[in-house]
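These numbers come from the heavy atoms of this one structure, side chains and all, not from hydrogens, waters or symmetry mates. Predicted model, so just to flag it, every value in this text is computed and none were measured.
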Amino acid sequence: MSRRGRLLQLLLSSVVLIAGLACPRDALAQTTITGAEDGLRVEARDASVQEVLAALGTKFGLRYRNITALDRRIDGTYEGSLHRVVTRLLDGSSYVLSTGGGHIEVIMLSAAKRNDVLPQPSTTALIPTRRRSD
């Protein structure tokens, strides 16, 4: 192979390697939604909260507005009603949830920290909150 051919092959290999490294992380993310609004299952693999909300919006008409970035990555399985799944996805965040007119709308005020770990709702029991009397 000529020197020019080797140089062209090296250049092409470098471009392919750089393109693979520059591939967005979102290309590896996956969100699968099965079931109906009153009993659904969401499986998220390295997906951002915004990607999961967008998928829920496409399937169920969920609307959301974000004042803050929703780029926290999540892995897990969330089961329950649409309302329950959304509240678990947004655990640790500040948001307003409106359920009027048969739709759910979420207005994000601040997102949970990136390192927060969300427990899977199928294995987490709800513990009632007790008020302290002073």
task = Find the distance between OG1 (T77) and CD (E43) and round it off to the nearest 0.5 Å.
result =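 Reported to 0.5 Å precision, the distance equals 4.5 Å.
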
request  = Kindly indicate, with the supporting measurements, whether the criterion side-chain contact (heavy atoms from CB on, under 4.5 Å) is fulfilled by L109 and Y95.
outcome  = CA-CA 5 Å; L109 303 175; Y95 60 93; 5.5 Å; no

Any heavy-atom pair between the side chains of [Y] and [X] that's under 4.5 Å?
X	Y	value
T87	L89	no
H83	I104	yes
L62	H103	no
Y78	V85	yes
L53	L90	yes
L70	M108	yes

query = Between T31 and I33, does a side-chain contact (heavy atoms from CB on, under 4.5 Å) hold up when you go through it step by step?
reply = CA-CA 7 Å; T31 302; I33 302 171; 4.2 Å; yes

What are the two closest heavy atoms between [X] and [Y], and how far apart are they?
X	Y	answer
A44	V52	CB-CG2, 4.0 Å
A29	A47	CB-CA, 3.8 Å
I74	R72	CG2-NH1, 3.7 Å
E37	L40	O-CD2, 3.9 Å

request  = Begin from the C-alpha positions of L56 and V86 and carry the test side-chain contact (heavy atoms from CB on, under 4.5 Å) through to its verdict.
outcome  = CA-CA 9 Å; L56 290 169; V86 169; 4.2 Å; yes

ask   = Would you find a donor on one side and an acceptor on the other, under 3.5 Å apart, between the side chain of R73 and the backbone of D46?
value =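 Yes; at least one donor-acceptor contact below 3.5 Å.
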
inquiry  = Looking at R65 and E105, is any side-chain nitrogen of the basic one under 4.0 Å from a carboxylate oxygen of the acidic one?
reply    =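 Salt bridge flag = yes for R65 with E105.
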
